[in-house]
Student: 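Below you will find the structure I want to go over with you.
We use all heavy atoms of the structure for the numbers below, so side chains are in, but hydrogens, waters and symmetry mates are not.
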Amino acid sequence: MESRRRKVFDIIQIGRGNDAVSRFFDIFIVVVIGINLFIAFFDTFDESAPFKDVLYIVEMITVVIFTVEYILRLWTAKYLYPNRKEWQAVLLFVFSVSGLVDFFTFMPFYLPFIFPNGMVAFRLFRVVRIFRLFRINAQYDAYNVIVDVLKEKKNQLFFSVCMIVIMMLASSMCMYSVENEAQPENFSNAFSGLWWSMSTLLTVGYGDIYPITFAGKLLAIVIAFLGVGMVAIPTGIISAGFVEHYSRIKSMASVEEERDIHFVTSVVHASHSWCGKKLSEVILPPQLIVALVIRNGEEIIPNGSLVIKEKDQIIIGAKAFNEEREVEFRELIIKEENSWVGEKIKNLDFSRQEIIIAIKRGGKTIIPSGETTVKAGDSMIIYSKKHD
């Protein structure tokens with residue numbers, strides 16, 4: 001049963017290049033989401049009336065698929081959070097962002113059967129289904145770059161939005177002062193012009209509310225010009241963030257040396273002399289290191305207290321030799337010009353598809369944590385996840 005549960009977990013997670021079944025499942029779910037969203041949109045057209053019954057049956061099938069998938073994710077949550085108890089893992093998934101999105105994907109379909117009077121309100125939850133597509137995108141670097149840039153520039157973006165809000169309030173009050181007497185129905189108080197200031201500053205310009213006095217028109221021209229500049233601020237911040245991000249990646253080649261490092265893999269059997277021992281009790285030649293332990297598909301960064309178990313896959317660093325391998329490692333030597341020098345590992349602009357598993361410094365091998373500070377001359381051993 002446990003092996004089946006593990007296999008189901010591997011299938012419903014984001015598929016990798018060597019897992020055809022999981023990749024097929026990803027494509028299948030995307031197609032089902034697309035069909036479900038099409039029904040939600042087409043149902044708003046009058047032309048959909050003759051197909052109501054067919055659309056309802058197809059929607060019901062897609063919702064049942066979402067429900068079964070959600071149940072399977074609950075069943076396999078222990079593998080998503082391997083360091084927690086099973087009930088804790090289930091709760092963590094249920095209240096995670098992806099868990100909540102998955103839940104609201106199918107639950108609104110069932111709610112009208114329980115609360116018939118709230119049917120219209122429940123249909124609003126349909127829009128949540130589109131957010132499931134981010135589960136697929138989150139595994140690719142293009143999506144990660146966008147998220148990283150937004151996180152990196154969050155403070156600047158927050159203050160630029162604050163400036164826009166302040167300008168909207170100020171322009172609303174100014175317009176009220178000059179237009180209240182001429183058209184009290186549109187500018188009855190300081191906040192009544194907020195809709196006008198929003199549409200003007202954000203360059204939308206609906207035209208349903210507009211100034212009619214000379215002073216109001218003159219003020220509107222000034223505010224419209226300011227609006228162009230205000231909208232350009234967050235756009236410029238994000239654009240600059242992308243330029244900085246890709247510039248760092250491009251310049252990395254000129255501030256470090258990179259060379260391949262090869263590793264060998266060994267599977268621990270019950271009769272193996274390492275089985276049941278702590279990693280600190282294992283004696284290896286000085287030129288070798290235990291770089292990674294793979295246990296039940298989970299990648300474990302080794303430390304001295306790690307107990308080696310049967311069926312563990314031990315990846316050991318060795319001298320370079322020419323052969324093809326499935327596990328990709330590389331060694332990155334940090335020069336003084338590198339922008340990483342002096343930074344903590346948790347703050348590095350680093351691909352999420354790679355893991356720093358060890359740092360060689362002054363003849364010693366350091367197992368890094370997020371608080372480890374990078375120094376010039378460090379030799380980083382990097383494990384690259386392969387997503388073909």
Student: In the single-linkage hydrophobic clustering (I, L, V, M, F, W, Y; side-chain heavy atoms under 4.5 Å), do Ile366 and Leu332 co-cluster?
Tutor: yes
Student: Taking distance alone, no hydrogens or angles, what donor-acceptor pairs closer than 3.5 Å link side-chain atoms of residues 163-172 to residues at least two apart or in another chain?
Tutor:
| from | atom 1 | to | atom 2 | distance (Å) |
| --- | --- | --- | --- | --- |
| Ser171 | OG | Met167 | O | 3.0 |
| Ser171 | OG | Met168 | O | 3.0 |
| Ser172 | OG | Ala190 | O | 2.4 |
| Ser172 | OG | Leu194 | N | 3.3 |

Student: Minimum heavy-atom separation for Leu100 to Phe95, with atom names?
Tutor: CD1-O, 4.1 Å
Student: If you round to the nearest 0.5 Å, how far is CD1 of Ile381 from CD1 of Ile356?
Tutor: 10.5 Å
Student: Quick one, Trp340 with Asp378, criterion side chain to side chain contact (heavy atoms under 4.5 Å, CB included). Give me CA distance, side-chain angles, the key distance, then yes/no.
Tutor: CA-CA 11 Å; Trp340 289 2; Asp378 281 354; over 6 Å; no
Student: Is there a chain of hydrophobic side chains (I, L, V, M, F, W, Y, each step under 4.5 Å between heavy atoms) that links Val32 to Ile61?
Tutor: yes
Student: With side chain to side chain contact (heavy atoms under 4.5 Å, CB included) as the test, would you mind laying out the steps for Leu157 and Leu150 before giving the verdict?
Tutor: CA-CA 8 Å; Leu157 289 172; Leu150 292 177; 4.0 Å; yes
Student: Going by atom types alone, do Thr213 and Glu179 pair a side-chain donor with an acceptor below 3.5 Å?
Tutor: yes
Student: Is the shortest side-chain heavy-atom distance between Ile29 and Glu69 below 4.5 Å?
Tutor: yes
Student: If I take atom CE from residue Met380 and atom CD1 from residue Ile357, how far apart are they, to the nearest 0.5 angstrom?
Tutor: 12.0 Å
Student: Evaluate the side-chain proximity of Leu72 to Phe9: yes if any heavy-atom separation is below 4.5 Å, no if none is.
Tutor: no
Student: Quick one: closest heavy-atom pair of Arg5 and Thr76, and the distance?
Tutor: O-CG2, 3.4 Å
Student: Would you compute the distance between atom CD1 of Ile367 and atom CG of Leu306 and round it to the nearest 0.5 angstrom?
Tutor: 10.5 Å
Student: Output yes when Asp102 and Arg73 qualify as a salt bridge under the 4.0 Å nitrogen-oxygen rule, no when they do not.
Tutor: yes
Student: Report yes if some heavy atom in the side chain of Phe214 is under 4.5 Å from a heavy atom in the side chain of Lys217; otherwise report no.
Tutor: no
Student: Quick one: pull up OG1 in Thr200 and CD1 in Ile221 and give me the separation to the nearest 0.5 Å.
Tutor: 11.5 Å
Student: Of the non-hydrogen atoms in Leu279 and Ile308, which two are nearest, and what is the gap between them?
Tutor: CD1-CD1, 3.9 Å
Student: Considering only heavy atoms from C-beta outward, does the side chain of Ile223 approach that of Phe225 to under 4.5 Å?
Tutor: no
Student: Quick check on side chain to side chain contact (heavy atoms under 4.5 Å, CB included): which of Leu55, Ile39, Val54 does Ser48 satisfy it with?
Tutor: Leu55
Student: Stepwise, does the side chain to side chain contact (heavy atoms under 4.5 Å, CB included) test hold for Asp312 with Val267?
Tutor: CA-CA 6 Å; Asp312 280 356; Val267 178; over 6 Å; no
Student: Should Val90 and Ile71 be counted in the same cluster of Ile, Leu, Val, Met, Phe, Trp and Tyr side chains packed under 4.5 Å apart?
Tutor: no
Student: Is a side-chain donor or acceptor of Glu336 paired with a backbone partner of Gly377 at a separation under 3.5 angstrom?
Tutor: no
Student: Tell me whether Met60 shares a hydrophobic cluster with Leu37, the cluster being built from Ile, Leu, Val, Met, Phe, Trp, Tyr side chains joined at under 4.5 Å.
Tutor: yes
Student: When rounded to the nearest 0.5 angstrom, what distance separates NZ in Lys375 from CD1 in Ile359?
Tutor: 10.0 Å
Student: A quick test of your reading: do over 12 heavy atoms of other residues, nucleotides or ligands sit less than 6.0 Å from NZ of Lys52?
Tutor: yes
Student: Go through Phe159 and Val161 one step at a time and tell me if the side chain to side chain contact (heavy atoms under 4.5 Å, CB included) criterion holds.
Tutor: CA-CA 5 Å; Phe159 286 112; Val161 171; over 6 Å; no
Student: Using a 4.5 Å cut-off on heavy atoms from C-beta on, say whether the side chain of Tyr81 contacts that of Ser96.
Tutor: yes
Student: Can you name the closest pair of heavy atoms from Lys278 and Val307 and give their distance?
Tutor: CG-CG2, 4.1 Å
Student: So, for Ala270 and Cys275, which heavy atoms are closest and what is the spacing to 0.1 Å?
Tutor: O-CB, 4.1 Å
Student: If I compare all heavy atoms of Gly216 with all of Met175, which pair ends up nearest, and what's the gap?
Tutor: O-CE, 3.6 Å
Student: Taking everything shown except Glu181 itself, do over 12 heavy atoms lie less than 6.0 Å from its CD?
Tutor: no
Student: Sequence neighbours excluded, which residues qualify as side chain to side chain contact (heavy atoms under 4.5 Å, CB included) partners of Gln156?
Tutor: Lys153, Ile237
Student: Heavy-atom distance under 4.5 Å between the side chains of Val8 and Phe25, does that happen here?
Tutor: no
Student: At what distance, to the nearest 0.5 angstrom, does CG of Asn36 lie from CZ of Phe41?
Tutor: 11.0 Å
Student: Taking C-beta and beyond as the side chain, do Leu92 and Arg84 meet within less than 4.5 Å on heavy atoms?
Tutor: yes
Student: Indicate, with yes or no, if Tyr210 and Met173 share a hydrophobic cluster defined by side-chain heavy-atom contacts under 4.5 Å among Ile, Leu, Val, Met, Phe, Trp and Tyr.
Tutor: no
Student: Would you say Met198 has more than 12 foreign heavy atoms packed within less than 6.0 Å of its CE?
Tutor: yes
Student: Just so I know, are the side chains of Ile65 and Phe28 near enough to count as touching, which here means a heavy-atom distance under 4.5 Å?
Tutor: yes
Student: Looking at Ser22 and Asp10, would you say the former's side chain and the latter's main chain have a donor-acceptor pair under 3.5 Å?
Tutor: yes
Student: Please work out which of the three classes, parallel, tilted or perpendicular, describes the rings of Phe38 and Phe42, given edges at 30° and 60°.
Tutor: parallel
Student: For the residue pair Trp196 and Phe187, categorise the inter-ring angle as parallel (less than 30°), tilted (30 to 60°) or perpendicular (more than 60°).
Tutor: perpendicular
